[in-house]
Amino acid sequence: MMTRLALVSESAKTAPQSNAPTTPESGLSEDATPRLLVIDGHSMAFRAFYAMPVDKFVTQAGQHTNAVHGFTAMLLTMIKERKPSHVVVAFDLDTPTFRSLEYTEYKAGRNKTPEEFYGQIDLIIKVMAAMNIPTISVDGFEADDIIATLAAQGEAAGWDVLVVSGDRDAFQLITDKVSVLYPTKGISAIPPMDAASVEAKYFVPPNRYSDLAALVGETADNLPGVPGVGPKTAAKWINQYGGLEGILENLDAIGGKVGESLRAHVDDVKRNRRLNHLLRDMELPVPLEQTLLQAPDRDAVEELFDSLEFNQLRKRLFDLFGEAETDDAGEAHQVPAHRVVTEAAALQAWLAVDGVCAVDVLSEKLGLAHEAVGVALVRADSAVVVDLRTADEALESALASWLASDATKVVHEYKEALKALSVRGLSLAGVQDDTSLSGYLIQPDRRSYELAELSKVHLKVGFEDSVQESSGQLDLGLSEDTSFADAVQRGYVALLLSEHFAPLLVERGAAVLLRELELPLAAVLAQMELTGIAISQERLAVLLADFTAAMNAAQAAAFAAIGHEVNLGSPKQLQEVLFEELGLPKTKKIKTGYTTDAASLKALLEKTGHEFLAQLMAHREASKLKQMVETLKKSVAEDGRIHTTYAQNVAATGRLSSNNPNLQNIPVRTEEGRRVRDILVVSEGYECLLAADYSQIEMRIMAHLSGDAGLIQAYAEGEDLHRYVGSHVFGVAPADVTSAMRSKVKAMSYGLAYGLTSFGLSKQLEISVDEARTLVKDYFDRFGGVRDYLRGVVEQARVDGYTSTIEGRRRYLPDLSSADRQLRELAERIALNSPIQGSAADIIKHAMLGVAGELQRQDLKSRMLLQVHDELILEIWPGELETVKALVVEQMGSAADLLVPLEVQLGLGASWNDAGH
DNA sequence: TCTGGAGCAA
DNA sequence: ACGTTGCTCCAGAA
């Protein structure tokens with residue numbers, strides 16, 4: 001059950017605290033007696049349909065949803081107001097029932113189902129599934145029988161039962177424990193009918209209601225009664241003779257016209273009574289206990305309500321389940337009480353107990369980095385906190401040796417913990433799980449892996465974290481007590497999550513990836529981030545001045561060309577100048593008008609030769625570079641170095657990403673851009689930078705995965721791949737492959753790994769679609785293995801629901817079966833690309849572990865600084881160059897065993913630019 | 001504060 | 001509709 005109150009530590013309860021438990025007004029379990037809510041699905045759906053305007057509830061896809069909406073709203077209101085502990089919905093099937101088989105006119109003559117109603121029952125069933133509410137339908141029986149059986153079972157178990165039905169036959173079910181809610185108008189809530197209200201209305205007790213209905217008839221079911229007999233007469237007879245049986249025994253005693261009428265229609269009455277008798281002893285596919293009201297499946301609700309365009313209802317639903325039920329979950333997930341230990345002996349005593357322990361490191365901002373100030377150690381039933389600011393030497397050393405030991409630990413964000421601890425000279429070993437990484441391996445395309453979110457999604461337990469909510473800063477008036485309590489809470493959640501993830505990891509084949517790749521890599525990355533890369537302040541200053549001057553010159557010239565000023569950085573203003581003022585031809589349409597991107601400006605310049613365009617492009621380039629240099633300058637730390645941060649759980653393919661600043665997108669293609677790489681230099685005391693990159697790793701993976709004989713042969717012979725492919729595609733000797741041919745097949749080869757279409761290829765190569773199509777065909781004729789592989793990947797992914805890298809890293813692609821063509825085709829392209837990009841990511845990660853391992857094993861001072869997807873940048877200590885070159889080539893080259901060799905290129909220099917090649 | 005456009009890398 | 005994975009900046013709207 002989703003609750004934000006469950007995770008409250010014992011110690012927190014004593015102090016006033018934002019997340020202290022409050023007694024909810026509507027605890028779902030406040031009553032000792034279970035309360036079962038049974039809903040007649042079809043009748044309520046119809047009520048909802050006629051209660052809600054048809055034309056106000058249509059999705060963009062054209063699906064009517066008024067009945068779904070009304071039904072769901074009604075259900076939420078019921079749950080909120082009636083507070084059932086158990087909920088179940090019964091549906092009719094379209095198949096014949098024992099009633100329609102006996103009496104073919106049964107329920108005939110009803111109006112045809114309106115077209116707009118079509119499909120809404122299925123949607124309601126889907127909503128119920130997302131809400132984890134069971135639905136029951138049984139072939140050959142009506143929902144009424146299911147409801148009667150459920151009511152009987154509930155009553156037998158001593159429960160209270162509330163039946164919601166638009167069918168009066170349900171009145172016969174009413175007892176002390178069973179009441180019926182029969183909406184008279186629409187679906188608005190009215191008080192339920194009990195025995196007294198049935199008697200008041202029909203003058204018979206509920207158990208005689210069926211007798212009355214048999215005599216009177218039921219229009220809705222097309223069951224004619226005795227002409228001339230209404231409820232009053234029927235009730236009189238029933239009370240006089242003690243029920244229908246008594247009436248039938250005394251048929252002749254009833255006088256008058258109505259008596260004759262009764263005798264004439266006695267068979268109808270008997271039939272009516274047989275038909276309106278509800279079965280109470282059916283075998284149901286869902287046992288009563290399974291109707292327990294649970295938390296909705298959040299993801300499923302999100303997805304379904306998105307497609308139904310139910311935004312208000314979604315909020316109502318989550319509000320309802322967010323504030324409900326605290327007791328049960330609270331007991332199941334009780335954060336252990338903690339104490340702050342100040343003595344080494346006390347800590348050692350606590351640590352002597354066995355069991356997995358979560359470690360949460362509290363840190364404080366220290367310049368651009370973080371420094372550990374406290375450590376919370378949490379086991380399932382007990383927790384301690386060490387305050388590093390006040391700890392004496394003995395305590396800190398006791399903690400340090402335990403942290404460095406191989407005692408098994410669970411953390412959230414291992415890399416950050418390592419970095420914060422390392423500032424204090426502490427290490428952290430024995431980590432068997434980092435929930436931010438295991439969460440990622442299980443579900444690699446989430447946007448965030450914050451503890452609170454993982455907890456919500458996977459454990460259905462929400463919690464508040466005052467530290468996270470105040471954006472990680474500790475000095476915002478938060479008491480120490482609060483931060484310690486929060487740290488304990490985070491540790492406890494990490495512990496629960498880790499336990500929850502363990503079987504999922506195994507099931508998804510990700511346990512090995514976590515243990516042998518991601519976790520050890522986190523430690524390597526932490527070290528790289530802490531090390532950073534040196535910069536040249538002088539070059540930085542010169543470059544900034546140069547780019548600023550170039551930018552200003554271009555801006556002045558641009559203004560001169562049009563005779564006035566304009567914000568060159570505003571696409572909106574540029575559109576005005578280009579397409580209205582200058583009347584240039586329109587470019588490709590975008591959301592906000594017409595694009596002013598570089599490719600379009602280039603095309604416009606070639607067409608018109610307008611000076612403004614040339615200056616605008618020059619300005620764009622210079623200001624981009626200037627801005628980039630400025631960003632780098634701002635990110636220089638006190639040690640004069642730049643420390644990027646690698647995100648290990650952002651790219652859904654398994655790649656790393658780099659931020660603050662991003663050092664994976666430093667320019668390299670143009671001469672001017674490469675000057676930015678000159679800023680990043682070798683540290684003082686070191687000999688040079690070494691850049692090592694894989695040559696065409698993605699194409700080699702393509703060769704491996706496809707097993708294409710041609711590609712494998714090309715690599716085996718060490719040929720220039722694109723020249724080789726070109727010679728085959730164009731049918732000429734390798735020596736006769738022109739540079740135009742080579743660049744075509746190069747674009748083609750890489751495009752294939754991205755799901756390129758003929759259209760895209762034609763655009764990129766500036767050739768006709770026909771020409772592109774021919775190129776694709778010729779390519780596939782020669783390299784059929786590639787075509788077969790690419791086809792197979794998508795097919796397999798559709799079957800499995802996911803793609804895999806060589807190492808088994810998965811990416812789930814539910815959109816492969818989406819009805820939305822755009823989404824589906826995107827998923828197909830992702831399916832083509834992920835195994836290739838992801839396998840490359842796995843390989844370089846292995847290489848990094850190998851390189852870091854060898855550097856350490858050989859006790860070298862050279863160090864790894866950066867990773868740029870297929871490239872590693874190292875810094876070489878004097879005298880170690882040859883050793884490091886050899887180990888880097890060896891480790892990178894042997895990081896995977898492919899059908900083709902992995903080739904590594906090396907470059908050396910005093911700056912990153914110089915080390916490039 | 002958020003979105004779209006733009007542009008840099010692999 | 002038309003090539004994947006990222007990050008960051010700016011302008012302009014809210």
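Every chain is numbered from 1, with letters handed out A, B, ... down the list of sequences.
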Kindly indicate whether the side chain of [X] and the base of [N] share any N or O donor-acceptor pair separated by less than 3.5 Å?
X	N	answer
A:Asn665	B:dC8	yes
A:Gln837	C:dT4	yes
A:Arg829	C:dT4	no
A:Glu621	B:dG7	no

So that I know where these two stand, are A:Phe783 and A:Tyr779 an aromatic pair - ring centroids less than 6.0 Å apart?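 Centroid separation for A:Phe783 and A:Tyr779: below 6.0 Å.
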For the pair A:Glu529 (side chain) and A:Tyr646 (backbone), establish whether a donor and an acceptor sit closer than 3.5 Å, ignoring hydrogens and angles.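 Present.
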Kindly assign one of parallel, tilted or perpendicular to the pair A:Tyr440 and A:Tyr449, based on the angle between their ring planes and the thresholds 30° and 60°. perpendicular
Select one nucleotide: of [options], the one nearest the side-chain heavy atoms of [X].
X	options	answer
A:Ala651	C:dT5, C:dA13, C:dG3	C:dT5
A:Lys572	C:dA1, C:dG3, C:dA13	C:dA13
A:Arg669	B:dA10, C:dT8, C:dA11	B:dA10
A:Thr757	C:dG6, C:dC2, B:dA6	C:dC2
A:Gln764	C:dG3, B:dG7, C:dA11	C:dG3
A:Pro571	B:dG5, C:dT5, C:dC7	B:dG5
A:Asn662	C:dC7, B:dG7, B:dA10	C:dC7
A:His869	C:dT5, B:dA10, B:dG7	B:dA10
A:Gln573	C:dG6, C:dA1, C:dG12	C:dG12
A:Val668	B:dA10, C:dT4, C:dC7	B:dA10

Return the value, rounded to whole Å, for the distance between atom [atom1] of [X] and atom [atom2] of [N].
X	N	atom1	atom2	answer
A:Leu761	C:dG3	CG	P	9 Å
A:Arg809	C:dT5	CZ	P	15 Å
A:Lys845	C:dT5	NZ	C1'	13 Å
A:Gln627	B:dG5	CD	C1'	14 Å
A:Tyr754	C:dG3	OH	C1'	8 Å
A:Lys624	C:dC7	NZ	P	14 Å
A:Arg677	B:dA9	CZ	P	8 Å
A:Leu656	C:dC7	CG	P	11 Å

Applying salt bridge (Lys or Arg N to Asp or Glu O under 4.0 Å), run through A:Glu795 and A:Arg798 and close with a yes or a no. CA-CA 5 Å; A:Glu795 263 171 45; A:Arg798 208 169 273 131; over 6 Å; no
Looking only at side-chain N and O atoms, does [X] come under 4.0 Å of OP1 or OP2 in [N]?
X	N	result
A:Asn833	C:dT5	no
A:Ser570	C:dC10	no
A:Lys591	B:dG4	yes
A:Thr596	B:dA6	yes
A:Thr653	C:dT5	no
A:Arg620	B:dG7	yes
A:Thr631	C:dT8	no

Regarding [X], tell me which of base, sugar-phosphate or nothing describes its non-hydrogen contacts under 4.0 Å with the strands shown.
X	result
A:Ala647	nothing
A:Leu826	sugar-phosphate
A:Ala652	sugar-phosphate
A:Ile836	nothing
A:Ser758	nothing
A:Gly751	base
A:Arg824	nothing

Distance between the P atoms of B:dG5 and C:dA1, in whole angstroms? 14 Å
Side-chain contact test, heavy atoms from C-beta onward, threshold under 4.5 Å: evaluate it for A:Val650 versus A:Asn659 and give yes or no.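 The answer is no, as the side chains (C-beta and beyond) never meet within the 4.5 Å cut-off.
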